[in-house]
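Here's the structure we're looking at; comments come further down.
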Protein chains: 2
Amino acid sequence: MNKFKPIKQTRASEEVLVQLKEAILRGHYKFGDKLPSERELTEQFQVSRGVVREAIRVLQINGFVVIRQGPTGGAYVAEWAFDQLSSGFMDLYLSGRLTIPELNQVRLHIEPEVARLAALNVTDAFRQRLKEDLAAEREPTTFRADYRQRLTRVHFTLLEMCGNYLFEAIVNSMISLTHRIVAAIEPEDHNSLHPVGEHDLIVEAVLAGEADRAAREMRSHLETFFHRMHDIDEAFRLSPAMVSTVFQQG
Amino acid sequence: MNKFKPIKQTRASEEVLVQLKEAILRGHYKFGDKLPSERELTEQFQVSRGVVREAIRVLQINGFVVIRQGPTGGAYVAEWAFDQLSSGFMDLYLSGRLTIPELNQVRLHIEPEVARLAALNVTDAFRQRLKEDLAAEREPTTFRADYRQRLTRVHFTLLEMCGNYLFEAIVNSMISLTHRIVAAIEPEDHNSLHPVGEHDLIVEAVLAGEADRAAREMRSHLETFFHRMHDIDEAFRLSPAMVSTVFQQG
DNA sequence: TCGATTGTATTGGTCTTACATTTAATGTTA
DNA sequence: TAACATTAAATGTAAGACCAATACAATCGA
């Protein structure tokens with residue numbers, strides 16, 4: 001006969017983590033706010049400093065807070081967005097569970113829909129941004145990373161336009177993953193992988209509010225891009241150099 | 001002129017985390033394997049035990065390892081799958097960034113495609129499983145959670161059938177989130193939210209290998225389900241009781 | 001002999017104390 | 001006034017002790 005309940009099955013650090021995380025998610029601590037110092041938290045939670053640090057470390061790694069040292073230092077609530085999802089997808093890829101063709105298949109199914117929705121939500125402000133994005137692509141540049149960044153501005157703008165935060169979160173994370181892979185396999189002549197001007201037809205359709213055409217153009221763009229990506233990838237596949245490159249971007 | 005790079009910008013615990021995580025992702029430690037004990041890692045990394053613990057705590061929270069105490073205890077590599085993605089979506093919802101209609105819109109766009117792909121990949125083994133899943137729905141039950149579990153077996157089987165691990169990861173996580181929300185708002189008479197037999201037409205189409213029809217049936221099923229879900233949700237929206245219920249499932 | 005109990009060693013969980021490092025703010029000196 | 005030194009507040013790291021859980025071996029009793 002077992003009359004009594006077990007006392008503690010959860011780790012103290014997890015309790016602290018849950019409470020801090022809930023406080024952040026509920027908005028009790030907003031972006032930029034500073035959590036109490038470690039010593040303060042040890043008093044409030046009545047646990048040791050090590051326990052508090054374990055909880056805060058988890059929050060930091062998962063992107064909920066950034067930590068600074070010194071006076072005015074501490075754990076500050078970060079503008080977290082897709083960090084957790086991104087690293088989730090990343091880990092799926094790095095562990096070998098997720099292949100590039102699978103990734104591309106999903107993007108190929110979702111992003112045309114994003115473009116379609118974007119065309120339905122077009123406003124003057126967005127029209128302006130899309131034009132700026134296209135112009136930015138043409139600017140001369142020296143750094144490859146910078147170039148890639150500007151080539152995806154159109155995609156990110158369309159994501160915001162589609163009006164669905166979950167689509168935005170998922171596709172944003174998938175684009176991040178694609179970036180990282182491309183950074184490892186991209187040839188010297190990066191213009192051959194993604195020439196400038198490939199977004200023109202998409203934007204044109206979106207600006208005109210033609211939803212279905214926007215979806216078709218997006219699909220067509222992705223198909224050609226993925227095709228090139230696949231060709232280049234084959235040369236590097238299983239190359240130890242590439243694998244370590246992807247890891248090192250951690 | 002700053003010719004030299006800073007020596008250490010990363011925290012020791014992050015270094016340890018990266019190395020352990022990479023070892024797991026690379027498959028150096030496989031499912032079920034045991035990481036060295038904390039005291040052993042302390043010696044190998046030449047850092048204090050607290051540093052090692054912070055790293056391991058992150059691995060544990062993110063689902064990469066499970067930890068047991070006692071002799072034969074330690075950090076064992078877990079069969080991690082979608083934990084990180086699931087909690088990522090969960091946090092988006094709990095923080096209020098993601099709404100239920102947005103979630104449903106995405107599911108409504110992706111899951112018909114999953115059903116379509118499943119119909120193309122049908123095998124005898126999967127045929128058998130689908131029939132079992134449908135039969136399981138009919139079995140009498142007492143626990144609501146158990147009932148929900150069995151009602152989604154068809155969805156999970158279709159996910160496996162679609163042959164794309166990323167689709168599986170995303171939709172699996174979204175279904176988990178839906179479950180959690182439903183658990184908070186579900187009425188006593190749970191059969192009204194998702195009556196038995198709603199999957200029959202989907203499975204019928206998949207078994208016949210009719211891809212487009214499978215997609216249509218899936219879409220139709222989700223539309224009616226989300227419609228009911230929406231009606232019920234309105235009654236509970238902003239109810240403090242519900243919000244805390246969702247949090248408590250953490 | 002068998003079974004229950006007890007001891008024991010190992011491993012994670014927590015606490016404490018001390019010191020190092022970083023850094024904003026303040027004070028001080030040339 | 002500007003450059004430099006001091007201070008203090010916060011995180012970062014280290015080391016040691018002890019608690020808690022538990023698999024396994026040893027012991028004891030019927």
Side-chain angles (χ1 to χ4, degrees), chain A residues 1-2 4-21 23-24 29 32-78, chain B residues 1-2 4-21 23-24 29 32-78:
Chain A
M1 155 100 75
N2 207 345
F4 304 107
K5 302 172 191 170
I7 303 298
K8 278 212 315 184
Q9 48 181 350
T10 59
R11 273 169 273 257
S13 60
E14 285 200 46
E15 288 277 340
V16 174
L17 171 63
V18 167
Q19 287 199 40
L20 289 179
K21 189 170 166 183
I24 294 174
Y29 292 103
D33 287 356
K34 178 184 173 301
L35 266 53
S37 74
E38 291 178 355
R39 264 117 182 155
E40 247 175 294
L41 289 174
T42 62
E43 289 183 6
Q44 291 191 34
F45 285 112
Q46 287 294 312
V47 296
S48 79
R49 202 174 145 219
V51 168
V52 170
R53 283 183 59 82
E54 283 179 16
I56 291 185
R57 174 71 58 248
V58 174
L59 289 177
Q60 181 239 318
I61 293 294
N62 286 3
F64 286 91
V65 300
V66 294
I67 298 177
R68 285 207 315 269
Q69 247 181 117
T72 78
Y76 289 81
V77 177
Chain B
M1 155 100 74
N2 207 346
F4 303 106
K5 303 173 189 170
I7 302 300
K8 280 215 315 183
Q9 47 180 351
T10 60
R11 274 169 273 258
S13 60
E14 286 199 45
E15 288 277 342
V16 174
L17 171 64
V18 167
Q19 287 200 41
L20 289 179
K21 189 169 165 182
I24 294 174
Y29 292 103
D33 287 356
K34 178 184 172 301
L35 267 54
S37 74
E38 293 180 355
R39 280 148 178 115
E40 229 174 309
L41 291 174
T42 289
E43 289 183 4
Q44 289 191 35
F45 285 111
Q46 287 292 311
V47 294
S48 78
R49 204 174 145 214
V51 168
V52 170
R53 282 184 59 83
E54 283 180 16
I56 291 185
R57 173 71 60 245
V58 174
L59 289 177
Q60 182 240 319
I61 292 294
N62 287 2
F64 286 90
V65 300
V66 293
I67 299 177
R68 286 206 315 269
Q69 242 180 118
T72 78
Y76 288 82
V77 177

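On a predicted model such as this, the values are computed, not experimentally measured, just so you know. Just so we're on the same page: letters track the sequence lines, and every chain starts at 1. Side chains are part of it too, since the values below use all heavy atoms of this structure and drop only hydrogens, waters and symmetry mates.
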[X] [atom1] to [N] [atom2]: how many Å, rounded?
X      : N       : atom1 : atom2 : result
R68(A) : dT23(C) : CZ    : P     : 10 Å
I56(A) : dA10(D) : CD1   : C1'   : 11 Å
Q69(B) : dT8(C)  : CD    : P     : 20 Å
R11(A) : dT11(C) : CZ    : P     : 17 Å
Y76(A) : dT23(C) : OH    : P     : 13 Å
E15(B) : dT13(D) : CD    : P     : 10 Å
L41(B) : dT11(C) : CG    : C1'   : 12 Å
K34(A) : dA24(C) : NZ    : P     : 14 Å

- Any residue of residues 57-67 of chain A with a heavy atom less than 4.0 Å from an atom of DNA chain C: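 Those residues: none at all.
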- Tell me which of G70(A) and E54(A) sits closer to the 5' end of DNA chain C, going by the nucleotide each one is nearest to.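 Between the two, 5'-proximity favours E54(A).
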Out of curiosity, [X] [atom1] to [Y] [atom2], how far, rounded to the nearest 0.5 Å?
X      : Y      : atom1 : atom2 : answer
I61(B) : N62(A) : CD1   : CG    : 8.5 Å
S13(B) : L20(B) : OG    : CG    : 11.0 Å
R39(B) : L41(B) : CZ    : CG    : 11.5 Å
R53(B) : T42(B) : CZ    : OG1   : 10.0 Å
L17(A) : T10(A) : CG    : OG1   : 11.5 Å

List the atom pairs, donor and acceptor, that lie under 3.5 Å between side-chain atoms in residues 66-76 of chain B and the rest of the protein, sequence neighbours left out.
from	atom 1	to	atom 2	distance (Å)
R68(B)	NH2	T72(B)	O	3.2
Y76(B)	OH	T72(B)	O	2.4

Polar atom pairs between nucleotides 3-8 of chain D and protein, under 3.5 Å, N or O only, would you list them?
none

For residues 44-52 of chain B, tabulate all N or O donor-acceptor pairs below 3.5 Å that involve a side-chain atom, not counting sequence neighbours.
from	atom 1	to	atom 2	distance (Å)
Q46(B)	NE2	E43(B)	O	3.0
R49(B)	NE	E38(B)	OE1	2.9
R49(B)	NH2	E38(B)	OE1	3.0

- Query: Does the side chain of V65(A) reach to within under 4.5 Å of the side chain of I24(A), using non-hydrogen atoms?
  - Reply: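 Of all side-chain heavy-atom pairs linking I24(A) with V65(A), at least one is under 4.5 Å.
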- Within residues 53-73 of chain B or reaching into it, pairs that qualify as ring-ring contact (aromatic ring centres under 6.0 Å, His included) - sequence neighbours excluded: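 Non-adjacent pairs meeting ring-ring contact (aromatic ring centres under 6.0 Å, His included): F64(B)-W80(B).
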- Under a 4.0 Å heavy-atom cut-off, which of residues 44-53 of chain A touch DNA chain D?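 Within residues 44-53 of chain A, the residues near DNA chain D are R49(A), R53(A).
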- Item | E40(B) versus P36(B), closest heavy-atom pair with distance |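 Closest approach of E40(B) to P36(B): CB-CB, 4.0 Å.
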- Item | With sequence neighbours excluded, residues passing salt bridge (charged side-chain N to carboxylate O under 4.0 Å, His left out) with E14(A) |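 If we apply the salt bridge (charged side-chain N to carboxylate O under 4.0 Å, His left out) test to E14(A), skipping adjacent residues, the hits are R11(A).
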